[in-house]
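All values below come from the heavy atoms of this structure, side chains included, with hydrogens, waters and symmetry mates left out. A note on names: the letters A, B, ... follow the listed sequences, proteins ahead of strands, and every chain is numbered from 1.
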2 protein chains.
Amino acid sequence: MYQSFLKSIKKVGNFSQEQLDQITDRIEVRTLKRNDFLLKEGTTSQSLYFLNSGSLRHYKDIDGYSELTINLFIEGDWVLDHHSFVGQRPSENNIQAFEDSTVLELPMHVLHDLIAKSPSFFMLGKILENAEPTKEESIKSPEDKYRTLMENSPQIIQRFPLKHIASYLGMTPETLSRVRSKIKD
Amino acid sequence: MYQSFLKSIKKVGNFSQEQLDQITDRIEVRTLKRNDFLLKEGTTSQSLYFLNSGSLRHYKDIDGYSELTINLFIEGDWVLDHHSFVGQRPSENNIQAFEDSTVLELPMHVLHDLIAKSPSFFMLGKILENAEPTKEESIKSPEDKYRTLMENSPQIIQRFPLKHIASYLGMTPETLSRVRSKIKD
DNA sequence: ATTCTTTATTGATTTCGATCAAGCGATTGA
DNA sequence: TCAATCGCTTGATCGAAATCAATAAAGAAT
């Protein structure tokens, strides 16, 4: 269960075996059915998550009828709503299971406890790093945005329907469809 | 010197007077002349800064001839290159004094020391929160982006030339100029 | 003082992506 | 089995912002 999780933790910094045990002792496993919510608009995020299996979609509801996809997650990703978790504010966004999923939950208070125990756990803060696309990314052309995604996260393209990828990339489904057919040549 | 700094620290969390002293004891004052660099592309950011006076520009060099303005800072702002500081990677961006400025420097190792001393300093992590505009912001129309800026940071508009504001908002100077004349009606 | 450069404004034109619209499998459901 | 719905593709049109271009105004440099 924890291999992938530990591998990811080790990338963040050098932890002793004892420290790794201290972390795994304190995390909770949560299972989600497709369409279950990991975070709902209006609630304040209390945990960060490691997505062990399945896939999740992070999105914002616009006027209650259209949706803006903020992020698409697959197994191996760290999942959080940065604004709500770090700022401890009610979230404006939702995180929802796109497939049946299991996540490993690391509550904020556990993070506090660990750091209190040993400041070297401070390294875990690196996980909070924002995976949100940069400003540079946002000014690229649709084709360049898609090429970057193919480069960096080819799995995303396999796993999610076109409409969500299009929204994530900030373009219409029609435009993404045309980009794809153009690139195939 | 530290009033504005302390006021900003107190917003982050409840610290005792002793703790506040511990912080101020460990920060360094740095003065910058216009065009001096606080962070240069290729160097790894080791500190975060509180901008005490003056103004700074955070930007990325594109191909060595054009520039993308990532952020514009004025006194009272917390300043950092999130990607480089949190990830401890060489920065792809520059932070440069736009006016003569003074900053209060809080080095990473001091942050570590403080948290080791008392985990309640963990609250300082809130400072790291990314002020970068959200995806939602990036898909707005030029006019809406400008209105949002007027709403949230009217001082920015007073302090920086149009071309930097335009780049920051992801539009051409011509477009921003037209937005302005349109809004005046 | 007078050149040179930078910054902002305004106009004309072009272009790229959004929108509107139709059609086509593929899945779902009665 | 036959709609009905959904996801994707493809075509036609439109519109908003970029680009190109010219000028004016303001600063900087010598």
Side-chain angles (χ1 to χ4, degrees), chain A residues 33-35 55 57 59-60 62-63 65-69 72 96-100 133 135-150 154-185, chain B residues 33-36 55 57 59-69 72 96-100 133 135-150 154 156-185:
Chain A
K33 290 277 177 209
R34 174 169 165 84
N35 293 333
S55 58
R57 189 166 68 99
Y59 68 94
K60 178 174 173 76
I62 314 286
D63 325 322
Y65 82 105
S66 80
E67 295 175 344
L68 173 67
T69 294
L72 298 168
Q96 188 180 24
F98 181 71
E99 304 171 287
D100 291 353
K135 173 160 287 183
E136 206 193 346
E137 202 55 35
S138 76
I139 63 170
K140 285 186 184 171
S141 70
E143 184 173 339
D144 287 346
K145 284 178 185 171
Y146 188 67
R147 287 188 185 280
T148 302
L149 184 64
M150 285 200 302
Q155 313 91 324
I156 294 289
I157 294 169
Q158 313 304 322
R159 297 277 286 274
F160 291 92
L162 176 140
K163 63 170 183 173
H164 290 147
I165 297 171
S167 175
Y168 173 57
L169 294 177
M171 65 187 75
T172 62
E174 292 95 328
T175 294
L176 178 52
S177 179
R178 284 182 242 264
V179 166
R180 281 183 167 173
S181 65
K182 188 186 169 194
I183 281 182
K184 277 200 192 110
D185 307 334
Chain B
K33 289 277 177 210
R34 172 169 167 85
N35 292 333
D36 283 353
S55 58
R57 189 167 67 98
Y59 68 95
K60 179 175 173 72
D61 225 279
I62 314 285
D63 327 320
Y65 82 104
S66 80
E67 294 174 346
L68 173 66
T69 294
L72 297 168
Q96 189 180 25
F98 181 71
E99 305 172 286
D100 293 350
K135 173 160 288 183
E136 205 193 347
E137 201 56 34
S138 75
I139 62 170
K140 284 186 185 171
S141 72
E143 183 173 338
D144 287 347
K145 285 178 185 171
Y146 188 67
R147 287 189 185 280
T148 303
L149 183 65
M150 285 201 302
I156 294 290
I157 293 168
Q158 314 303 324
R159 297 278 285 276
F160 292 93
L162 175 141
K163 63 168 184 171
H164 288 149
I165 296 170
S167 175
Y168 173 58
L169 294 178
M171 65 188 74
T172 61
E174 291 94 327
T175 295
L176 178 53
S177 179
R178 284 182 243 265
V179 166
R180 281 183 168 174
S181 65
K182 187 187 171 195
I183 281 182
K184 277 199 190 110
D185 306 332

>> Classify the ring geometry of A:F160 against A:F98: parallel below 30°, tilted from 30° to 60°, perpendicular beyond 60°.
In response: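 Tilted: the ring planes of A:F160 and A:F98 meet at 30° to 60°.
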To the side chain of [X], which of [options] is closest?
| X | options | result |
| --- | --- | --- |
| B:R178 | D:dT19, D:dA12, D:dA18 | D:dT19 |
| B:K163 | D:dA12, D:dC8, C:dT7 | C:dT7 |
| A:P142 | C:dG17, D:dA12, C:dT10 | C:dG17 |
| B:P161 | C:dT9, C:dA8, D:dT10 | C:dA8 |

> Passes salt bridge (charged side-chain N to carboxylate O under 4.0 Å, His left out), A:K140 versus A:E136? Steps please.
Replying inline: CA-CA 7 Å; A:K140 285 186 184 171; A:E136 206 193 346; 5.9 Å; no
> Closest heavy-atom contact between B:S55 and B:E99?
Replying inline: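 Looking at all heavy atoms of both residues, the shortest contact is OG-OE1, 2.6 Å.
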Rounded off to whole Å, could you give me the [atom1]-to-[atom2] distance for the [X] and [N] pair?
| X | N | atom1 | atom2 | value |
| --- | --- | --- | --- | --- |
| A:I157 | D:dG7 | CD1 | P | 19 Å |
| B:K145 | D:dA16 | NZ | P | 15 Å |
| B:R180 | C:dA8 | CZ | P | 8 Å |
| A:D144 | C:dC16 | CG | P | 12 Å |
| A:L162 | D:dT9 | CG | C1' | 9 Å |
| B:E143 | D:dA16 | CD | C1' | 12 Å |
| B:I139 | D:dA17 | CD1 | P | 13 Å |
| A:K182 | D:dT10 | NZ | P | 15 Å |

> Just to confirm, is there a sub-4.0 Å distance from OP1 or OP2 of C:dA8 to any side-chain nitrogen or oxygen of B:S177?
Replying inline: no
> Does B:T175 make a side-chain N or O approach to OP1 or OP2 of D:dA18 shorter than 4.0 Å?
Replying inline: yes
>> On DNA chain C, does the nearest nucleotide to A:K140 precede the nearest nucleotide to B:E174 from the 5' side, or the other way round? Give the residue.
In response: B:E174
> With a 4.0 Å cut-off, would you call B:K145 and B:E137 a salt bridge?
Replying inline: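 No.
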>> Whether the side chain of A:Q96 engages the backbone of A:N35 through a donor-acceptor N/O pair (distance < 3.5 Å, no angle test) should be reported.
In response: yes
